[in-house]
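Report on the following structure.
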Protein chains: 2
Amino acid sequence: MITVKEVAEMLNMTEHTVRFYTDKGLVPSIKRDKNNKRLFDDESINWLTGVKYLKESGMSIEAIKEYVNLCLEGESTIPQRYEIFLEQQRKAHVQLEEAKKRVQFMDQKAEHYYQILNKVIPDNMNPGEWRKESQIVASK
Amino acid sequence: MITVKEVAEMLNMTEHTVRFYTDKGLVPSIKRDKNNKRLFDDESINWLTGVKYLKESGMSIEAIKEYVNLCLEGESTIPQRYEIFLEQQRKAHVQLEEAKKRVQFMDQKAEHYYQILNKVIPDNMNPGEWRKESQIVASK
DNA sequence: TAGCACCTTCGAGTAACACGAAGTCAATAG
DNA sequence: CTATTGACTTCGTGTTACTCGAAGGTGCTA
């Protein structure tokens, strides 16, 4: 049984956000101790972890809430829940591709600035020149 | 020379967002026609593309604005701009790793729901069981 | 018994859009 | 020649998801 602070650190969220999510009902299994403090057991940590992933893959708080409600309704909602995950799976794959492009972009720009600072090439780093530069790099 | 609508479609942004960014000064090279309409040439498209990547990798509008100002100040700011890109490069790599984890998570959950629907395994899909499930999958 | 760390609720503030209203302007259709 | 269409403009409010800080309760330690 761990506290808000601990679970926040564990999942790399702020304490405020953890409380925000629990207050919205996104962690139905959460408990309270005799002093009304939030306590997370393994089940609650799993819920919160799932919520975090769903959120990061683009679901709104409201949509996550609906998913949680479906879970609480029981097995009859499994087909709907499956549809939700298919959609989130699709989004996660799109996000992965976009993340790869960003890495490529940043790697290229950082490398370019490095070369300028080492007098390898002249300054044409302004974004106005970026496409040109990208084409040069891409054609290498 | 293309319009707001066209560049928005091209970069997959809303027209509102494009205007928002240009009004904040994030695309310094943007032009206007005789009727005061925004017009994007290649340089402006490059700026906007760069702004989009910086934003997606976690920079605030304010921070991007500062970067744009550094660009406009000339070559003397190259070391600072290099530092900015090193940081964004680092963030982009972290994001890539997170995106991979999300894909893994979503693939696993979608697969799990698929199996339940095909009566392969019983229902233990509630997040309360997710860690257990992940361990099982991981140990396969 | 005082201080400290940690928790609580509550309420206000913020970033980045998202959206709609109202108006301008140029081209085309009748 | 007028009128409608459609894309653009500015302006201003609304929304989401935090983010922060204040004010206060509780229990442990010195």
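If you're wondering where the values come from, they're calculated on a predicted model, not measured in any experiment. Numbered from 1 within each chain, the chains take letters A, B, ... in sequence-line order.
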Checklist outcome for this item: Rounded to whole Å, the CG-C1' distance (A/Leu26 to D/dC18) equals 13 Å

Item to check | Euclidean distance, atom CG of residue A/Asp33 to atom P of D/dG25 [Å, nearest integer] | outcome: 17 Å

Got a list of side-chain donor-acceptor pairs under 3.5 Å for residues 22-30 of chain B, not counting sequence neighbours?
| unit_1 | atom_1 | unit_2 | atom_2 | d |
| --- | --- | --- | --- | --- |
| B/Thr22 | OG1 | B/Val18 | O | 3.2 |
| B/Thr22 | OG1 | B/Arg19 | O | 2.9 |
| B/Thr22 | OG1 | B/Arg38 | NE | 3.0 |
| B/Asp23 | OD1 | B/Arg38 | NH2 | 2.8 |
| B/Asp23 | OD2 | B/Arg38 | NH2 | 3.4 |
| B/Ser29 | OG | B/Ser44 | N | 3.4 |
| B/Ser29 | OG | B/Ser44 | OG | 3.0 |

Next on the checklist: With clusters defined by side-chain heavy atoms of hydrophobic residues (ILVMFWY) lying less than 4.5 Å apart, directly or transitively, does A/Leu96 cluster with A/Phe105?
Outcome noted: no

Checklist entry - Under a 4.5 Å side-chain heavy-atom rule over Ile, Leu, Val, Met, Phe, Trp and Tyr, are A/Met106 and B/Leu11 clustered together? => result yes

Next on the checklist: Whether A/Lys65 engages the ring of A/Tyr67 as a cation-pi pair (distance to the six-membered ring centre under 6.0 angstrom, angle to the ring normal within 45°) should be assessed.
Outcome noted: no

Checklist entry - For DNA chain C, what residues of residues 55-66 of chain B have any heavy atom nearer than 4.0 Å? => result B/Lys55, B/Ser60, B/Ile61

Next on the checklist: Is it the case that the ring center of B/Phe85 lies less than 6.0 angstrom away from the ring center of A/Tyr114?
Outcome noted: no

Checklist entry - Hey, mind stepping through B/Glu87 and B/Arg90 against salt bridge (charged side-chain N to carboxylate O under 4.0 Å, His left out) and telling me if it holds? => result CA-CA 5 Å; B/Glu87 173 61 14; B/Arg90 196 190 57 73; 2.9 Å; yes

Donor-acceptor pair, side chain of [X] and main chain of [Y], under 3.5 angstrom:
X: B/Gln88; Y: B/Ser57; result: yes
X: B/Glu6; Y: B/Thr3; result: yes
X: B/Asp33; Y: B/Asn35; result: yes
X: B/Thr17; Y: B/Met13; result: no

Checklist outcome for this item: On DNA chain D, more 5' by nearest nucleotide between A/Lys34 and A/Phe20 is A/Phe20

Contact list (N/O, under 3.5 angstrom) for nucleotides 9-12 of chain D vs protein:
| unit_1 | atom_1 | unit_2 | atom_2 | d |
| --- | --- | --- | --- | --- |
| D/dT9 | OP1 | B/Arg38 | N | 2.7 |
| D/dT9 | OP1 | B/Arg38 | NH1 | 2.6 |
| D/dT9 | OP2 | B/Arg19 | NE | 2.6 |
| D/dT9 | OP2 | B/Arg38 | NH1 | 2.9 |
| D/dT9 | O5' | B/Arg38 | NH1 | 3.2 |
| D/dT10 | OP2 | B/Arg38 | NH1 | 3.4 |
| D/dT10 | OP2 | B/Arg38 | NH2 | 2.8 |

Next on the checklist: In the structure I gave you, are the side-chain heavy atoms of B/Val7 and B/Glu15 within less than 4.5 Å of one another anywhere?
Outcome noted: no

Item to check | Side chains of B/Arg81 and A/Tyr113 in contact at under 4.5 Å (non-hydrogen atoms) | outcome: yes

Checklist entry - So what does A/Lys24 touch, heavy atoms closer than 4.0 Å: a base, only the sugar-phosphate, or nothing? => result nothing

Item to check | With sequence neighbours excluded, residues passing salt bridge (Lys or Arg N to Asp or Glu O under 4.0 Å) with A/Lys52 | outcome: A/Glu56

Item to check | Relative orientation of the end axes in the helix from C/dT1-D/dA30 to C/dG30-D/dC1, expressed as an angle to the nearest 10° (five pairs per end) | outcome: 10°

Checklist outcome for this item: Footprint ends on DNA chain C, 5' to 3', for atoms under 4.0 angstrom from a heavy atom of chain A, come out as C/dC6 to C/dT9

